[in-house]
Protein chains: 2
Amino acid sequence: MNEVVLYDYWRSSASYRVRIALNMLEIDYKTVSINLLEGEQRSRDYLALNPQGFVPTLVIDGKTLTQSLAIIEYLAELRPEYGLLPPDIACRQQVRALAYAVAMDIHPICNMHVAAHVISITGKAEAREEWTKHFIADGLGKLEAMLSEFNGEFSFGDQPTMADLCLVPQVYNARRWGVDITAFKRIVDIDGNCAKLPAFQAAHPDRAKP
Amino acid sequence: MNEVVLYDYWRSSASYRVRIALNMLEIDYKTVSINLLEGEQRSRDYLALNPQGFVPTLVIDGKTLTQSLAIIEYLAELRPEYGLLPPDIACRQQVRALAYAVAMDIHPICNMHVAAHVISITGKAEAREEWTKHFIADGLGKLEAMLSEFNGEFSFGDQPTMADLCLVPQVYNARRWGVDITAFKRIVDIDGNCAKLPAFQAAHPDRAKP
C-alpha cells in the first residue's frame, strides 16, 4: 500500500470519524492539517482534491476520496473483518440508520458555514451557540430514542461500528458547546465504552491538534 | 414477500428518493401518507415506527426501516442486479460521495424543522425562503463541481444510481423555491435524463399527492 494521507482538521467531527476508522483498521496514515479557521479549505490546491471544500479527504490506494461516511464505507468494504458494518444486510441497515441520525440529522445543521450564516442573518454572534445547542440536544434526543431499541455496550451490539464513529465526535461537540447530555443515558454509556478503546483515544481532537 | 408499506409525504425529498428506488427495483408497495404540515409525524403511533419522527419509514420483509439512505442501501444490497450501487468498491465510494453531497450537505439544512427554527430566531417568515435558496444554490454548486469529474448520462456513468435518487428530488426542491440552476449544466442534464425514466416519473411528488 502506498502512503495513506488524511487531510483533516483537529476539531472537525467528520475528520474525527475517519481517524477512528483508520485506527480501528490498523491502517498507518499521516495527516495534513487544513486550517478551517484560516480558510485553507478554499485554496485552489485543496479544492483540486476536494471540490466541495470540506474536510476530510483521504488519499489511499492511489485514489482521492471525499465525504467521511463514503470513506468509512470504503474502508469497511476493504477490510470487512473489522466489523465497521455487520455482515447481515438488515443489521447493516440499522447501523447506517443510527450513523445517519448523527451524520445527516445533526452534524450538517451545526457545520461551521451554516453557523456563520445564522450569525449573518440574525446579526448576533451569540446566535451560533443557541443554534448549535438546540440542534445537538434535539438530535441526540432522537438518537437516544432510536438507541433504546438496542442493547449492548455499543450503539449496535457489543462491538463498535460505524454508528459509534459518528456518535463519539458528536458527543465531543455536545460537551464542547455545553449541551446537557445526562438524560441521554445510552449515549453517555456508549461514549464511555468507546473512550476505553485505543483507536478512539488516538483519534481524539486533543491529540490531533497540529 | 409480505406487503410492503411506505410511510411517506408527497413533498418530502427523502420519501421521493425511496419511491424512486422501489420503482427501479420493481417492488410493489402501498403508501401511507404522514401529513407533516399537520404534525402526524409526531403522533404516538408514528413515533413507535420511527422514533425520530421523520419520513419515510419502510415496512418490508417484516422489518421496519428508517432513514432514506439506509433504506436505499438495504434495497441495493437486496437486489444488487439493479445497480443502485456499482459492484466495484471504489466506484461505490464515489456514488456515495455524490449522494451525500445532497443528502448530508443540502437536504438536512433545509429540512422543515430547521427552516421553522430560522423563522423563529429571525422573527421573519420570509427568512425561510432566503435560507433555503442560499443553501440549495451553494450545495448544488459544490455538487456540480464534483460532477464535472465524471461523464455519462447520469451522475456516475450511463446508468442511474443512488446518486441520482438524491439529485432529482433536490432539483425538484430547487425549482420549487425558485433557485436559478441554469449554470449547473451537468445537474440539469442528469435531471432531464432521469425524468425520461418511468421509475422516476412514477415517484414524482405530483403523483404522490394524497
Side-chain angles (χ1 to χ4, degrees), chain A residues 14 47 50-54 58 61 63 65-78 85 89-90 92-101 103-109 111 113-114 117-118 120-124 127 130-131 134-135 138-139 141-149, chain B residues 14 47 50-54 61-63 65-78 85 89-90 92-101 103-109 111 113-114 117-118 120-124 127 130-131 134-135 138-139 141-149:
Chain A
L47 287 173
N50 187 317
Q52 290 186 287
F54 291 142
L58 184 70
D61 305 332
K63 295 172 185 71
L65 312 183
T66 70
Q67 284 284 350
S68 63
L69 258 63
I71 293 171
I72 291 167
E73 291 267 0
Y74 176 85
L75 296 173
E77 297 197 291
L78 203 62
L85 287 164
I89 73 166
R92 273 207 288 282
Q93 197 281 332
Q94 294 182 301
V95 168
R96 288 184 177 118
L98 292 166
Y100 300 164
M104 302 214 185
D105 294 330
I106 306 176
H107 175 249
I109 302 167
N111 215 333
H113 73 114
V114 178
H117 199 68
V118 170
S120 153
I121 61 173
T122 57
K124 293 178 191 163
E130 185 278 334
W131 177 270
H134 172 82
F135 284 107
D138 179 65
K142 289 169 177 166
L143 176 65
E144 179 77 10
M146 290 174 83
L147 286 169
S148 71
E149 297 179 12
Chain B
L47 287 173
N50 187 317
Q52 290 186 286
F54 290 142
D61 305 332
K63 296 172 185 69
L65 312 183
T66 70
Q67 284 284 350
S68 63
L69 257 64
I71 293 171
I72 291 167
E73 291 267 359
Y74 176 85
L75 296 172
E77 297 197 293
L78 203 62
L85 286 164
I89 73 166
R92 273 207 289 280
Q93 197 281 332
Q94 293 183 301
V95 168
R96 288 184 176 119
L98 292 166
Y100 300 164
M104 302 215 184
D105 295 330
I106 305 177
H107 175 249
I109 302 167
N111 216 335
H113 74 114
V114 178
H117 199 67
V118 169
S120 151
I121 61 172
T122 58
K124 294 177 190 161
E130 184 278 335
W131 176 271
H134 172 82
F135 284 107
D138 179 65
K142 289 169 177 164
L143 176 65
E144 179 77 11
M146 291 174 82
L147 286 168
S148 72
E149 296 177 12

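All heavy atoms count here, side chains included; hydrogens, waters and symmetry mates do not. Protein chains get the first letters and strands the later ones, always in sequence-line order, with residue 1 at the start of each.
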Carboxylate-amine/guanidinium proximity below 4.0 Å for Arg92(A) and Glu77(B):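 So Arg92(A) pairs with Glu77(B) through a salt bridge.
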Lys124(A), NZ: over 12 other non-hydrogen atoms inside 6.0 angstrom: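 Count not over threshold, so no.
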Sequence-distant partners of Phe54(B), ring-ring contact (aromatic ring centres under 6.0 Å, His included), two or more places apart: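 Phe54(B) satisfies ring-ring contact (aromatic ring centres under 6.0 Å, His included) with His113(B) once adjacent residues are dropped.
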For His117(A), all residues meeting ring-ring contact (aromatic ring centres under 6.0 Å, His included), sequence neighbours excluded: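 With neighbours one apart ignored, the set is Trp131(B), His134(B), Phe135(B).
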Partner chain B: residue of Arg96(A), Lys142(A), Met146(A), Gln93(A) with the largest heavy-atom pair count (under 4.5 Å):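 The answer is Gln93(A).
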Top of His107(A), Glu73(A), Glu144(A) for chain B proximity - count of heavy-atom pairs under 4.5 angstrom: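 Top option by heavy-atom pairs under 4.5 Å: Glu73(A).
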Interface moiety of [X] toward chain A, non-hydrogen atoms closer than 4.5 Å:
{"X": "Asn50(B)", "result": "neither"}
{"X": "Ile71(B)", "result": "both"}
{"X": "Glu130(B)", "result": "side chain"}
{"X": "Leu47(B)", "result": "neither"}
{"X": "Glu149(B)", "result": "side chain"}

Max heavy-atom pair count under 4.5 Å with chain A, selected residue of Leu65(B), Asn111(B), Leu143(B):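 Most heavy-atom pairs within the cutoff with chain A belong to Leu65(B).
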Options Leu98(B), Thr122(B), Leu69(B), ranked by heavy-atom pairs under 4.5 Å with chain A, top entry: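 Heavy-atom pairs under 4.5 Å are most numerous for Leu69(B).
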Nearest heavy-atom neighbours spanning Ala97(B) and Ala70(A):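 Taking Ala97(B) first and Ala70(A) second, the nearest heavy atoms are N-CB, 3.7 Å.
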Shortest non-hydrogen contact from Pro51(A) toward Ala145(B):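 Smallest interatomic distance, heavy atoms only, reads CB-CB, 3.8 Å.
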Distance check, rounded to the nearest 0.5 Å: [X] atom [atom1] versus [Y] atom [atom2]?
{"X": "Thr66(A)", "Y": "Gln94(B)", "atom1": "OG1", "atom2": "CD", "value": "8.5 Å"}
{"X": "Gln52(A)", "Y": "Asp105(B)", "atom1": "CD", "atom2": "CG", "value": "5.0 Å"}
{"X": "Ile89(B)", "Y": "Lys63(A)", "atom1": "CD1", "atom2": "NZ", "value": "7.5 Å"}

